[in-house]
Amino acid sequence: MSEPYFQALFAERIGGSAYGKGTEIYKFEKIKRAKRQVLADHPERMLIDFGIGENDGMAPENVRRRMAEEIGRPENRGYADNGIAEFKAAAARFMQRFFGVTLDPVTEVNHCIGGKPALAMIPACFIDPGDVTLMTVPGYPVAGTHTRYYGGEVHRLPLLRENGFLPDLDGIPADVKRRAKLLVLNYPNSPTGVVATVEFYERVIDFARTHQVVVVQDAIHAALTFQGEPLSFLAVPGGRDVGIEIHSMSKGFDMIGWRLGWFCGHPRIVQALADVKDNSDSGQFIAIQKAAITALDDPSIPVRTRDKYRRRLEKLVAMLRRCGFTCEMPGGTYFLYAPAPRGTADGRRFENAEAASQYLIHEHSIVTVPWDDAGPHLRFSVTYEAADERAEDGLMAATEERLRAIRPVF
Ligand SMILES: Cc1ncc(COP(=O)(O)O)c(C=O)c1O
């Protein structure tokens with residue numbers, strides 16, 4: 001078949017004329033294929049899926065009810081542009097109640113269609129060719145992808161166990177610091193599960209001022225904080241002078257598919273991101289914004305979500321430890337990040353976390369997500385489907401039986 005004429009037209013940023021011809025299979029696609037394969041090969045074996053990074057629960061009943069009401073109101077039908085004032089006010093109320101952060105909802109808050117688009121758009125505000133975005137790895141890559149789209153560079157800051165999974169800002173080379181414009185952080189951190197401290201944020205603020213970089217703190221998992229009180233970067237003195245924080249209805253409110261979040265912080269940065277957003281989308285459906293107000297004003301929702309995932313993580317940590325894994329209860333998120341086994345007692349060796357993960361799926365129908373960016377680790381998510389606590393316990397028991405039989409070696 002001859003090539004379409006536009007094969008030569010694809011932009012270099014997505015691969016140029018080679019676009020669509022690569023044979024490399026990305027990690028998540030590899031996992032999907034392995035899952036399909038093992039379900040076909042072993043229909044008798046229950047698939048135990050710790051690979052899903054999405055809430056298993058539906059949005060709360062009162063939120064769905066509000067949505068049902070709002071969907072029928074004609075005043076909600078149109079473009080929402082940069083968002084309705086009532087949602088911004090509700091987000092500001094939540095920031096006050098949850099983190100003790102006072103914001104002007106008019107100038108310091110703006111809605112977005114989830115955290116992902118906000119992270120995709122922030123480089124448009126700051127990155128010119130040759131500029132640098134500092135990003136922690138392993139992590140959520142979206143801001144880095146768009147940095148490269150604009151001709152910028154990504155400097156990776158590895159999150160290592162020996163540094164408490166906090167980036168080593170002092171170790172950044174002088175030339176990189178000079179060209180850096182953005183520092184993208186994510187606490188509670190995915191996938192390591194670590195939460196930030198006030199002292200760490202103070203160091204970040206000092207770094208931002210000294211080297212004149214803008215801080216983008218991805219707080220998507222903030223409601224899922226188990227260690228200490230939830231902490232906003234904006235609650236630390238000076239934070240709001242150097243950056244913004246991105247929040248979402250996805251994780252803490254079980255509204256992952258509804259696509260709604262907000263960014264807040266320094267009014268000039270909020271304005272710039274809102275301007276780019278206004279040139280990219282026309283806002284989230286107003287009925288969704290109004291349903292989200294019900295969620296934000298109901299303090300019981302994030303507590304319920306947090307308690308469920310904490311309970312599941314505690315069971316998972318205890319079970320994995322009994323099977324030889326070295327792991328502790330994470331400070332936040334619904335992920336557990338544990339060193340990957342290097343092999344099994346019967347002599348099998350894994351060259352990296354990806355090999356260990358593939359073995360667990362193919363041979364034992366246990367799905368995990370491998371990370372090899374900063375030492376081989378497996379990510380276990382507790383967003384599996386289980387109807388009640390008995391079902392959770394049953395799943396833990398089944399996993400334990402399989403892992404004990406494998407006898408992993410570390
Ligand atoms: C670290 C991190 N940031 C951002 C997002 C995107 O969240 P949202 O659903 O708000 O777009 C995710 C989603 O999984 C995430 O894990």
Side-chain angles (χ1 to χ4, degrees), residues 26-28 31 50-59 63 83 87 91 94 109-123 133 135-147 154 156-157 159 165-167 182-196 215-225 230 232-233 243-264 273 277 280-281 283-285 288-289 291-292 295-296 302 305 309 330-337 369 371 373-374 377 379-383:
Y26 291 103
K27 179 167 73 179
F28 286 98
I31 294 170
F50 296 112
I52 302 166
E54 290 187 33
N55 299 42
D56 55 299
M58 286 238 278
V63 178
F87 177 75
F94 175 82
V109 181
N110 204 91
H111 97 295
C112 50
I113 305 182
K116 186 175 187 175
L119 288 162
M121 290 174 198
I122 192 77
T133 296
M135 292 197 55
T136 55
V137 287
Y140 195 69
V142 172
T145 304
H146 286 262
T147 291
V154 174
R156 293 152 60 95
L157 303 171
L159 297 179
F165 297 118
L166 300 173
L182 291 174
L183 168 60
V184 180
L185 299 173
N186 164 225
Y187 291 98
N189 183 259
S190 168
T192 68
V194 159
V195 291
V215 178
V216 177
Q217 155 48 19
D218 171 355
I220 258 73
H221 291 93
L224 306 177
T225 296
S232 166
F233 179 69
I244 57 164
E245 196 161 65
I246 300 176
H247 290 263
S248 173
M249 302 305 297
S250 289
K251 312 271 172 160
F253 297 89
D254 282 338
M255 293 174 71
I256 205 152
W258 295 50
R259 312 310 305 133
L260 187 62
W262 69 92
F263 45 91
C264 50
L273 188 49
K277 184 195 157 299
S280 310
D281 66 55
Q284 183 50 280
F285 184 24
I288 290 181
Q289 294 189 50
L296 288 168
T305 319
Y309 289 125
T333 80
Y334 39 50
F335 301 128
L336 177 69
Y337 184 72
V369 174
W371 291 93
D373 306 70
H377 285 75
R379 188 193 83 182
F380 294 77
S381 176
V382 290
T383 52

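Counting convention: from 1, in listed order, for ligands and their atoms alike.
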Checklist line | Test side-chain contact (heavy atoms from CB on, under 4.5 Å) applied to Thr333 - qualifying residues, sequence neighbours left out | finding: Pro188, His221, Phe335
Notebook entry, point to check: Among all residues two or more places apart in sequence or in another chain, which pass the side-chain contact (heavy atoms from CB on, under 4.5 Å) test with Ser232?
Noted result: Met95, Phe99, Val101, Leu234, Ala235, Glu245
Margin query: Using a 4.0 Å cut-off on heavy atoms, what residues surround ligand 1? Order them by chain and number.
Written below: Gly114, Gly115, Lys116, Leu119, Tyr140, Asn186, Ser190, Asp218, Ile220, His221, Ser248, Ser250, Lys251, Arg259
Notebook entry, point to check: Knowing that exactly one of Asn186, Thr136, Val137 qualifies, which makes a side chain to side chain contact (heavy atoms under 4.5 Å, CB included) with Leu159?
Noted result: Thr136
Margin query: Among residues at least two apart in sequence or on other chains, which ones pass side-chain hydrogen bond (donor to acceptor under 3.5 Å, both in side chains) with Tyr309?
Written below: Asp56
Notebook entry, point to check: Is Asp218 reaching over with its side chain to a backbone N or O of Ile220, donor-acceptor style, under 3.5 angstrom?
Noted result: yes
Note to self: Is it the case that the ring center of Trp371 lies less than 6.0 angstrom away from the ring center of His377?
What the structure shows: no
